[in-house]
J.: 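Take this structure, written in structure tokens, and hold onto it; I'll ask about it next.
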Amino acid sequence: MATTNEPDLNPGDEASPGTPGAGEDVCEACSGSGKLADGKSCPQCGGSGRVMRGIGGG
């Protein structure tokens, strides 16, 4: 049985870490705090305050 070292992606991530043409960005849903207004962990970034975004390429 093979195992992978693929990182878990959050719903707000557009790419896996290390993907060429992608980089870390502040989560727009929680403004980088990792928490929503009600104090719960942000589901878009998994509470980290950061998401992976496509930043260029072509």
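Note that the numbering runs from 1 along the sequence shown for the chain.
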J.: Side-chain atoms of residues 26-37: list all donor-acceptor pairs with protein atoms under 3.5 Å, sequence neighbours left out, distances to 0.1 Å.
T.:
{"unit_1": "S33", "atom_1": "OG", "unit_2": "C30", "atom_2": "O", "d": "3.0"}
{"unit_1": "S33", "atom_1": "OG", "unit_2": "K35", "atom_2": "N", "d": "3.1"}
{"unit_1": "S33", "atom_1": "OG", "unit_2": "K35", "atom_2": "O", "d": "2.9"}

J.: Between the main-chain N or O of M52 and the side-chain N or O of E24, is there a donor-acceptor pair closer than 3.5 Å?
T.: no
J.: Got a sec, which residues hit salt bridge (charged side-chain N to carboxylate O under 4.0 Å, His left out) with D13, two or more places apart in sequence or on another chain?
T.: none
J.: Name the atoms and distances for all side-chain donor-acceptor pairs under 3.5 Å in residues 38-49, with sequence neighbours left out.
T.:
{"unit_1": "D38", "atom_1": "OD1", "unit_2": "K40", "atom_2": "N", "d": "3.0"}
{"unit_1": "S48", "atom_1": "OG", "unit_2": "C45", "atom_2": "O", "d": "3.1"}
{"unit_1": "S48", "atom_1": "OG", "unit_2": "R50", "atom_2": "N", "d": "3.1"}
{"unit_1": "S48", "atom_1": "OG", "unit_2": "R50", "atom_2": "O", "d": "3.0"}

